[in-house]
Amino acid sequence: MSKINTLTPLASRRQFLLTGLAALTFAGLNSAYAREESASLRTRTSHSQPKKNAGGRRVITLDPGHGGIDTGAIGGNGSQEKHVVLAIARNVRTILRQKGYDARLTRDSDEFIPLYDRVEIAHKHGADMFISIHADGFTNPSAAGASAFALSNRGASSAMAKYLSEKENAADDVAGNRVKDHDRYLQQVLFDLVQTNTIKNSLTLGSHVLRQIRHVHRLHSKNTEQAAFVVLKSPSVPSVLVETSFITNPQEERLLGTTAFRQKIAHAIAAGIVSYFNWFDNHKAHSRRG
């Protein structure tokens, strides 16, 4: 993979915050990106092989969870996960594009996309990385903090990981059996993953993201957890699901409703992505020397 050339920002983040222009900048760029990507989010019923990246900028597919008829988790004050995570994902996209990455969304509006198609969109993008962004809920409102999850082919790493994966994997239930049948293919992908480094790289990616988030928000789990999330079942693309917080926790629901917190989390996720690619390049260079 080619070396990443970061772009020189037009102004420092401190200047943006002081002048009150940060929110306007994100809004303007996100509007332009929405028009640019709107034609690329439809997929066929048959699954494609991951598109080969011919070089140039690295491609990151950002997946805002839920959407449309699937609201996701709902907070005590009525906040809906699908809206919160779309706002965060748009911010991550803006930050990454300013740094020279080719960052794209699986959805850029309030629409329902089956789990199968989210993986397919990443393949069509020729993604080097897939990040699914969530703000999930739990039966106990005291559950709090951010988490990162990679795929597991040996069962969940904790009771919470099992609960969340089962909850997320049920997202397609709202669309009926026609959509759910497509996910049978994804079950077969686990066989291919056994002999690859995809899960290992995903675990490393999760650790880089968590290391950055811990500076701006508490962690629910300090290590990357694992479970059989359908949306993470790409055979060759490092994939992580990030729970930015629990929308069912009253304090965290309030935080998620603020622009400042959503941007802090977005900057942390973006920083984790950059950190991972730096690690990957160094690791690859070291392996070649060895």
*Asks:* State the CG-NE2 distance between D117 and H123, to the nearest 0.5 angstrom.
*Replies:* 12.0 Å
*Asks:* Drop me the distance from S132's OG to R118's CZ, to the nearest 0.5 angstrom.
*Replies:*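 Rounded to the nearest 0.5 Å, the OG-CZ separation comes to 6.5 Å.
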*Asks:* Which distance, rounded to the nearest 0.5 Å, do you find between the OG1 of T61 and the CD1 of I121?
*Replies:*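 These two atoms lie 8.5 Å from each other.
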*Asks:* Would one find more than 12 heavy atoms of other residues, nucleotides or ligands at under 6.0 Å from atom CZ of R214?
*Replies:*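 Open: at most 12 neighbouring heavy atoms sit under 6.0 Å from CZ of R214.
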*Asks:* Please answer whether the main-chain N or O of V59 pairs with a side-chain N or O of D128 as donor and acceptor at a distance below 3.5 Å.
*Replies:*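 Side chain of D128 to backbone of V59, a donor-acceptor pair under 3.5 Å: yes, one is there.
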*Asks:* Do side-chain atoms of R90 reach the backbone of D108 as a donor and acceptor pair under 3.5 angstrom?
*Replies:* yes
*Asks:* Show the nearest heavy-atom pair for residues A150 and L232, with the distance to one decimal.
*Replies:* C-CD1, 3.7 Å
*Asks:* Please find the pair of heavy atoms, one from A228 and one from L151, that lie closest to each other, and give the distance.
*Replies:*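 In terms of heavy atoms, the two residues are closest at CA-CD1, 3.9 Å.
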*Asks:* With rounding to the nearest 0.5 angstrom, report the CD1 to OG distance, I88 to S245.
*Replies:* 6.5 Å
*Asks:* May I ask you to test the H83-D110 pair for a side-chain heavy-atom distance under 4.5 Å?
*Replies:*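 Side chain of H83 against side chain of D110, heavy atoms only: contact under 4.5 Å found.
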*Asks:* Under the salt bridge (charged side-chain N to carboxylate O under 4.0 Å, His left out) rule, collect the residues that match up with E253, sequence neighbours excluded.
*Replies:*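 E253 satisfies salt bridge (charged side-chain N to carboxylate O under 4.0 Å, His left out) with no other residue.
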*Asks:* Is there side-chain contact between T248 and D136, with at least one heavy-atom pair below 4.5 Å?
*Replies:* no
*Asks:* Side chain to side chain contact (heavy atoms under 4.5 Å, CB included), that's the test. Do Y276 and M129 meet it? Break it down for me.
*Replies:* CA-CA 10 Å; Y276 169 81; M129 179 186 293; 3.4 Å; yes
*Asks:* Establish, from distance only, whether the side-chain atoms of S79 and N77 form a donor-acceptor pair under 3.5 Å.
*Replies:*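 Side chains of S79 and N77: no pair found under 3.5 Å.
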*Asks:* Using a 4.5 Å cut-off on heavy atoms from C-beta on, say whether the side chain of Y101 contacts that of R58.
*Replies:* yes
*Asks:* Taking all heavy atoms of A135 and all of L256, pick out the closest pair and write down the distance.
*Replies:*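 What the structure gives for the nearest pair is CB-CD1, 3.9 Å.
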*Asks:* Output the distance between atom CD (Q263) and atom NE2 (H267), rounded to the nearest 0.5 Å.
*Replies:*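 Rounded to the nearest 0.5 Å, the CD-NE2 separation comes to 6.0 Å.
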*Asks:* Testing the basics here: between A268 and V216, what is the closest heavy-atom pair and its distance to 0.1 Å?
*Replies:* CB-CG2, 4.0 Å
*Asks:* Can you find a side-chain donor-acceptor pair between H134 and E81 that sits under 3.5 Å?
*Replies:*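 Yes, because at least one side-chain N or O of H134 sits under 3.5 Å from a partner of the opposite role on E81.
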*Asks:* Would you say E252's side chain and F246's backbone share a donor-acceptor pair under 3.5 angstrom?
*Replies:* yes
*Asks:* In a check of side-chain contact (heavy atoms from CB on, under 4.5 Å) between V84 and each of I247, L255, T244, which one passes?
*Replies:* I247
*Asks:* When you check the gap from the basic side-chain N to the acidic O, do R93 and D102 get nearer than 4.0 Å?
*Replies:* no
*Asks:* Evaluate the side chain to side chain contact (heavy atoms under 4.5 Å, CB included) criterion for residues K99 and V274: first the C-alpha distance (whole Å), next the side-chain angles of each, then the deciding distance (0.1 Å), finally the verdict.
*Replies:* CA-CA 9 Å; K99 293 179 179 293; V274 173; 4.0 Å; yes
*Asks:* Verify, without hydrogens or angle tests, whether T224 (side chain) and S207 (backbone) share a donor-acceptor contact under 3.5 angstrom.
*Replies:*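 Answer holds: yes.
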*Asks:* First locate atom CZ of F229, then atom CG of L241, and finally report the distance between them rounded to the nearest 0.5 Å.
*Replies:*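 Rounded to the nearest 0.5 Å, the CZ-CG separation comes to 5.0 Å.
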*Asks:* Could you tell me whether the side chain of E225 and the main chain of F149 form a donor-acceptor pair under 3.5 Å?
*Replies:*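 No: the side chain of E225 does not pair with the backbone of F149.
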*Asks:* Would you say the side-chain atoms of T71 pair up with the backbone N or O of G67, donor to acceptor, closer than 3.5 Å?
*Replies:* no
*Asks:* Where do A266 and N91 come nearest, in terms of heavy atoms and distance?
*Replies:* CB-CB, 3.5 Å
*Asks:* Would you call D70 and K82 a salt bridge, using N to O less than 4.0 angstrom?
*Replies:*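 No.
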*Asks:* Check step by step if side chain to side chain contact (heavy atoms under 4.5 Å, CB included) holds for L62 and T106.
*Replies:* CA-CA 6 Å; L62 303 167; T106 56; over 6 Å; no
*Asks:* Check whether the ring centres of F277 and H208 lie less than 6.0 Å apart, and answer yes or no.
*Replies:* no
*Asks:* Minimum heavy-atom separation for F130 and V231, please, with both atom names.
*Replies:* CE2-O, 3.4 Å
*Asks:* Do L203 and Q226 touch side chain to side chain, with heavy atoms closer than 4.5 Å?
*Replies:*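 Sidechains of Q226 and L203: in contact.
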*Asks:* For I113 and E111: C-alpha separation, side-chain torsions, deciding distance, then whether side chain to side chain contact (heavy atoms under 4.5 Å, CB included) applies.
*Replies:* CA-CA 6 Å; I113 299 178; E111 64 175 316; 4.2 Å; yes
*Asks:* With the threshold set at 4.0 Å, does a side-chain nitrogen-carboxylate oxygen contact exist between R107 and D63?
*Replies:* no
*Asks:* Got P141 and N249 here, is their nearest side-chain heavy-atom distance under 4.5 Å?
*Replies:* no
*Asks:* Can you find a pair of side-chain heavy atoms, one from I265 and one from H217, that are under 4.5 Å apart?
*Replies:*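 Contact flag for I265/H217 side chains = yes.
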